[in-house]
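Here is the structure we will look at.
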Amino acid sequence: MLDQRLLRDNPERIAAQLARRGVTIDLSGLQQIAREERNLEQQRSTLQAEGNGIGKQVGQLIQGGANPDSPEVRALREAGNRLKQQVAVLEDAEKSLEIQLREQLLTLPNLPAAETPDGRDERDNIEVLRWGTPRQSAAGETLEEHWQIAERLGLFESERSVRIAQSRFVTLMGAGARLERALISFMLDLHGRKGYQEVMPPILVNSASLTGSGQLPKFAEESFRCAEDDLWLTPTAEVPITSLHRGEVIAADALPLKYVAHTPCFRREAGSYGRDTRGLIRLHQFNKVELYWFCHPDHSAAAHQQITADAEAVLQALELPYRKIELCSGDLGFSATRTYDLEVWLPGAAAYREISSCSVCGDFQARRSSIRFKEGKHTQLLHTLNGSGLAVGRTMAALLETGQQSDGSVRLPAALAPYFGGAVINPPQ
RNA sequence: GGAGAGGUGGCUGAGUGGUCGAAAGCGAACGACUCGAAAUCGUUUGAAGGGCAACCUUCCGUGGGUUCGAAUCCCACCCUCUCCGCCA
């Protein structure tokens with residue numbers, strides 16, 4: 001959520017920044033509301049001060065022995081009543097403006113950081129670097145896509161999963177299930193050694209949590225919902241982790257708080273009919289290991305570099321070639337001010353695919369969730385960052401395509417062997 | 001699901017309808033003592049909004065109500081805890 005003071009004083013600046021995202025909006029109406037609200041607040045508080053004075057007078061008179069029914073006291077009581085009515089009217093008007101204002105502010109995305117390059121959509125994103133040598137098919141060699149490999153090796157069931165749930169769900173089987181588990185443990189351990197505290201949060205989250213991290217109110221159609229209970233299946237661990245400290249004031253010297261969590265993530269993938277229908281790339285339920293920082297505003301830019309490096313470290317340890325993309329202003333997610341995407345090379349598909357997104361959200365989520373820190377006497381909003389480290393299913397896809405051998409087996413990176421219990425997946429006998 | 005108890009500041013925990021934003025303790029900050037530290041003593045220490053200085057308003061789970069005045073009384077809701085039942 002954006003700062004109301006900035007809205008009152010300088011809506012042009014907000015509009016200019018939102019324009020970089022491709023959001024054109026006239027904020028003069030909102031500014032009016034914000035100013036009118038402040039105006040009412042001032043009037044109301046003056047009247048309340050008057051009323052408090054009357055209350056105090058009455059109290060003193062009665063304690064001093066005055067008759068509660070004396071004309072003097074009665075006159076004061078009547079004055080108090082009149083004030084109370086006036087205050088009630090102002091209060092109602094003020095409250096309705098406040099609600100309007102908040103409702104509308106909650107639908108506005110975050111402002112892009114100064115460093116974020118301008119652009120309209122993903123075509124304007126900037127490639128920052130490439131790591132590793134992408135595997136290309138040798139002469140006469142055909143590289144399979146991961147779902148072909150997985151089917152051949154019996155790593156998952158897709159058709160039977162439709163029976164269990166519906167399309168876009170898979171059941172990992174045998175070595176496939178074991179590899180998923182190995183990857184989760186491997187990632188958690190790797191990040192744990194770098195100072196991230198491991199957490200396993202609820203994956204059903206309430207509306208307040210989704211609002212706090214920015215998924216509501218605008219993106220309700222992206223999440224699965226248990227309507228009876230005001231609970232939703234979390235689309236990312238970013239949601240429960242943000243709310244882990246919702247409403248708190250944290251001591252400055254406790255920052256940064258760094259968390260890593262593995263959770264299943266649930267997304268409706270509305271509007272992606274027909275895309276990535278096979279395999280592990282786009283599912284309603286997938287595993288993800290998420291990195292999350294609560295940090296001091298002065299350190300968030302550096303933290304963004306670090307959290308991205310921590311995600312890259314997983315790809316490097318798994319020997320998976322990737323490239324790092326900086327998103328342009330038009331391609332940023334709702335809550336982000338600046339984002340790096342990591343795209344892993346899929347040799348079978350001969351394409352880079354997103355496997356991690358590392359964003360700094362400034363105070364946007366902190367304001368929605370009221371998460372502050374205290375430094376000396378001052379309490380102020382902190383900054384939040386999140387990054388996938390990594391999306392597990394897509395990691396498996398990359399490993400299968402990268403490690404595929406001409407004999408039909410798949411070779412896994414050495415780092416994974418202790419977790420998986422071997423470095424090769426062989427075809428079934 | 002049934003019965004009971006309770007929700008107060010960073011934490012623990014008092015609170016009779018009338019200077020209660022709230023005792024006390026802990027924690028924290030500063031100062032004194034000390035070569036330094038501990039201990040001790042003293043002072044300070046909640047948040048949001050508005051003016052941005054004095055100051056004003058609001059906030060004791062949430063929302064209503066009674067009253068000149070509510071942390072305190074009334075109503076509804078939410079949540080937590082304990083016991084029982086059920087259950088991995």
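Remember, it's a predicted structure, so these values are computed and weren't measured experimentally. In what follows, chains carry the letters A, B, and so on, assigned in the order in which the sequence lines appear, proteins first and then strands, with residues in each chain numbered from 1.
Remark: the separation of the C1' atoms in B:U8 and B:A14 is 10 Å, to the nearest Å. Comparing the P positions of B:A22 and B:U57 gives a spacing of 13 Å, expressed to the nearest Å. Across the C1' atoms, B:A5 and B:C55 are found 43 Å apart, a figure rounded to whole Å. Look at the P atom in both B:U80 and B:C87: the space between them is 22 Å, to the nearest Å. Taking the P atoms as reference points, B:G49 lies 26 Å from B:U44, given to the whole Å. As rounded to the nearest Å, B:C81 and B:G13 have P atoms that lie 15 Å from one another. Comparing the C1' positions of B:C30 and B:C78 gives a spacing of 42 Å, expressed to the nearest Å. For the P atoms, the distance from B:C41 to B:A24 is 15 Å, rounded to whole Å.
Remark: P of B:C68 and CD of A:E72 are 16 Å apart, rounded to the nearest angstrom. One interatomic measurement links the two molecules: CZ of A:R82 to P of B:G69, which rounds to 13 Å at whole-angstrom precision. In this structure, the CG atom of A:D253 is 13 Å from the C1' atom of B:G27, given to the nearest Å. In this structure, A:L231 places its CG atom 14 Å from P of B:C78, rounding to the nearest Å. One interatomic measurement links the two molecules: CG of A:L90 to C1' of B:U57, which rounds to 13 Å at whole-angstrom precision. Spacing between atom NZ of A:K95 and atom P of B:G63 amounts to 7 Å, rounded to whole angstrom units. Here B:C68 presents its C1' atom at 15 Å from CG of A:N67, a figure rounded to the nearest Å. Whole-Å rounding puts the A:L76 CG to B:U67 P distance at 17 Å.
When both pairing distances are held under 3.5 Å, B:A23 makes no Watson-Crick or G-U pair with any nucleotide shown. In this structure, B:C77 and B:G61 make a Watson-Crick or G-U wobble pair, each of the two defining distances being under 3.5 angstrom. Nucleotide B:A54 forms no Watson-Crick or G-U wobble pair with any nucleotide shown, as no partner meets the under 3.5 Å limit on both distances. Pairing for B:A37 is absent, judged as Watson-Crick or G-U wobble with the two contacts each under 3.5 Å. Look at B:A70: it lacks any Watson-Crick or wobble partner with both distances under 3.5 angstrom. In this structure, B:U82 and B:A3 make a Watson-Crick or G-U wobble pair, each of the two defining distances being under 3.5 angstrom. In a base pair of the Watson-Crick type (N1 to N3 plus N6-O4 or O6-N4) or a G-U wobble (N1-O2 and O6-N3), with each distance short of 3.5 Å, B:A28 is matched with B:U44.
Applying the side chain to side chain donor-acceptor pair (under 3.5 Å) definition to pairs two or more places apart or across chains, those involving residues 85-102 of chain A are A:R44-A:E94. Within the structure, the salt bridge (Lys or Arg N to Asp or Glu O under 4.0 Å) test picks out no pair touching residues 23-42 of chain A (sequence neighbours left out). For residues 147-164 of chain A, the side chain to side chain donor-acceptor pair (under 3.5 Å) pairs, not counting sequence neighbours, are A:E144-A:R152, A:E157-A:R160, A:S161-A:T171. Listed by first and then second residue, the salt bridge (Lys or Arg N to Asp or Glu O under 4.0 Å) pairs involving residues 282-294 of chain A are A:E269-A:R282, A:D276-A:R282, A:K288-A:E290 (not counting sequence neighbours). Within the structure, salt bridge (Lys or Arg N to Asp or Glu O under 4.0 Å) pairs that include any residue of residues 173-186 of chain A do not occur (at least two apart or interchain).
Aromatic pair A:F186/A:F420: centroids not less than 6.0 angstrom apart.
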Would you tabulate the side-chain donor-acceptor contacts of residues 2-10 of chain A under 3.5 Å, counting partners in other chains and residues two or more places apart, or write 'none'?
| from | atom 1 | to | atom 2 | distance (Å) |
| --- | --- | --- | --- | --- |
| A:D3 | OD1 | A:R5 | N | 3.2 |
| A:N10 | OD1 | A:R13 | N | 3.4 |

Which atom pairs, donor and acceptor, lie under 3.5 Å between side-chain atoms of residues 392-400 of chain A and protein residues at least two apart or in another chain?
| from | atom 1 | to | atom 2 | distance (Å) |
| --- | --- | --- | --- | --- |
| A:R394 | NE | A:I281 | O | 2.9 |
| A:R394 | NH1 | A:E354 | O | 2.8 |
| A:R394 | NH2 | A:I281 | O | 3.0 |
| A:T395 | OG1 | A:A391 | O | 2.6 |

Sequence neighbours excluded and cut-off under 3.5 Å, please list the side-chain donor-acceptor pairs for residues 255-263 of chain A, or say none.
| from | atom 1 | to | atom 2 | distance (Å) |
| --- | --- | --- | --- | --- |
| A:K258 | NZ | A:K194 | O | 3.2 |
| A:Y259 | OH | A:H245 | NE2 | 2.7 |
| A:H262 | NE2 | A:N287 | OD1 | 2.9 |

Candidate pair A:T242 and A:S213, rule side chain to side chain donor-acceptor pair (under 3.5 Å), full reasoning: CA-CA 6 Å; A:T242 305; A:S213 45; 4.7 Å; no
Stepwise side chain to side chain donor-acceptor pair (under 3.5 Å) test for A:Y340 and A:S356: CA-CA 8 Å; A:Y340 291 117; A:S356 172; over 6 Å; no
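As judged by a 4.0 angstrom heavy-atom cut-off over every strand, A:R44 is placed among residues touching the sugar-phosphate backbone only. Using a 4.0 Å heavy-atom cutoff across all strands shown, A:K374 reaches sugar-phosphate atoms only and no base atom.
Nearest-nucleotide mapping onto RNA chain B: of A:G53 and A:Q42, the residue sitting toward the 5' end is A:Q42.
At distances below 3.5 Å, not a single donor-acceptor pair connects side-chain atoms of A:H191 with backbone N or O atoms of A:L291. Without hydrogens or angle criteria, A:R168 side chain to A:R268 main chain gives no donor-acceptor distance under 3.5 Å.
For A:E41, the listed nucleotide lying nearest its side chain is B:G49; candidates were B:G69, B:C68, B:G49. Checking B:A47, B:G50, B:C68 against the side-chain heavy atoms of A:R38 singles out B:G50 as nearest.
For A:S359, the side chain to side chain donor-acceptor pair (under 3.5 Å) criterion is met by A:T339, not counting sequence neighbours.
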Hey, what are the protein-to-nucleotides 52-56 of chain B N/O distances that come in under 3.5 Å?
| from | atom 1 | to | atom 2 | distance (Å) |
| --- | --- | --- | --- | --- |
| B:C52 | N4 | A:R5 | NH1 | 3.2 |

Report all interatomic pairs (protein N or O, nucleotide N or O of nucleotides 11-13 of chain B) with separations under 3.5 Å.
none

Could you run down the sub-3.5 Å N/O contacts of the protein with nucleotides 18-21 of chain B?
| from | atom 1 | to | atom 2 | distance (Å) |
| --- | --- | --- | --- | --- |
| B:G18 | N2 | A:G55 | O | 3.0 |

